[in-house]
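Beneath this line is the structure, given in structure tokens, with notes to follow.
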Amino acid sequence: MKTIEISLSFDWSIFIHRTYTLYKHRTDPNQFVILDSDFDQVIAFRVDEGSFEILSCRYDAKHRIELPGKVVYLKHYPDEE
């Protein structure tokens, strides 16, 4: 399953499926949402220097957060839907 790495604020990075799209909030540059190819929300989150906060997510969204590397792996793929 092909993933892409995207750099975020505060040296965080996230790996998501290549068919997903990450959008940055218009007024809060540290808040993001990931949509699938049908434009359904997979996860919404916010980052800061020391935390990764999930604001909302699909009930079946899987993820792994690695500290201290500040790396998030979204382990939810389209073929699991």
Side-chain angles (χ1 to χ4, degrees):
M1 294 182 217
K2 300 270 183 176
T3 60
I4 56 172
E5 180 180 12
I6 301 171
S7 295
L8 306 171
S9 320
F10 299 104
D11 296 325
W12 282 91
S13 61
I14 189 165
F15 287 83
I16 63 174
H17 191 271
R18 63 179 174 78
T19 62
Y20 289 173
T21 306
L22 181 134
Y23 292 94
K24 186 185 295 189
H25 193 277
R26 213 172 21 156
T27 58
D28 183 351
N30 302 319
Q31 187 172 321
F32 305 88
V33 65
I34 296 174
L35 304 180
D36 65 15
S37 59
D38 295 325
F39 299 104
D40 292 327
Q41 178 183 314
V42 177
I43 190 169
F45 61 94
R46 187 173 194 292
V47 297
D48 65 25
E49 184 61 42
S51 68
F52 179 90
E53 177 183 8
I54 297 173
L55 303 173
S56 67
C57 68
R58 294 174 53 120
Y59 71 94
D60 60 346
K62 300 174 188 120
H63 56 278
R64 184 176 85 218
I65 302 169
E66 290 188 359
L67 297 174
K70 295 184 176 181
V71 178
V72 178
Y73 296 91
L74 185 58
K75 300 171 75 170
H76 183 273
Y77 304 109
D79 55 345
E80 293 181 355
E81 296 175 350

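This is a predicted model, so every value here is computed, not measured. Atoms considered below: every heavy atom in the structure, side chains included; atoms not considered: hydrogens, waters and symmetry mates.
One hydrophobic cluster, built from ILVMFWY side chains closer than 4.5 Å, holds both V42 and I54. Transitive grouping of hydrophobic side chains (ILVMFWY, heavy atoms separated by less than 4.5 Å) brings I14 and I4 into a common cluster.
Taking the ring-ring contact (aromatic ring centres under 6.0 Å, His included) definition, one finds that F32 meets it with F45, sequence neighbours left out. Residues that satisfy the side chain to side chain donor-acceptor pair (under 3.5 Å) test with T27, not counting sequence neighbours, are H25. Applying the salt bridge (charged side-chain N to carboxylate O under 4.0 Å, His left out) criterion to E49, with sequence neighbours excluded, gives K70. For D11, there are no side chain to side chain donor-acceptor pair (under 3.5 Å) partners at least two apart in sequence or on another chain. Evaluation of the salt bridge (charged side-chain N to carboxylate O under 4.0 Å, His left out) rule for R18 yields no partner, not counting sequence neighbours. For R64, the side chain to side chain donor-acceptor pair (under 3.5 Å) criterion is met by E66, not counting sequence neighbours. For S13, the side-chain contact (heavy atoms from CB on, under 4.5 Å) partners are E5, V71, not counting sequence neighbours. The side-chain contact (heavy atoms from CB on, under 4.5 Å) test applied to S56 returns Q41, A44, not counting sequence neighbours. Remark: Y73 engages F15 in a ring-ring contact (aromatic ring centres under 6.0 Å, His included) (not counting sequence neighbours). For S37, the side chain to side chain donor-acceptor pair (under 3.5 Å) criterion is met by no residue, not counting sequence neighbours.
Atom-to-atom distance recorded for R46:CZ and D28:CG is 4.5 Å, nearest 0.5 angstrom. In this structure, CG in D36 is found 8.0 Å from NE2 in H76, a value given to the nearest 0.5 Å. Considering NZ of K24 and CD of Q31, their distance stands at 12.0 Å, rounded to 0.5 Å. With values rounded to the nearest 0.5 angstrom, I65 atom CD1 is found 6.0 Å from W12 atom CH2. Summarising the geometry, atom CD1 belonging to I16 is positioned 7.0 Å from atom OG1 belonging to T21; distances are rounded to the nearest 0.5 Å.
Hydrophobic side-chain contacts under 4.5 Å tie L35 into a cluster, directly or through other members, with Y23, V33, F39.
The heavy-atom pair separating S9 from P29 by the smallest distance is OG-O, 3.3 Å.
At a threshold of 4.5 Å between non-hydrogen side-chain atoms, the residues L8 and V72 do not count as touching.
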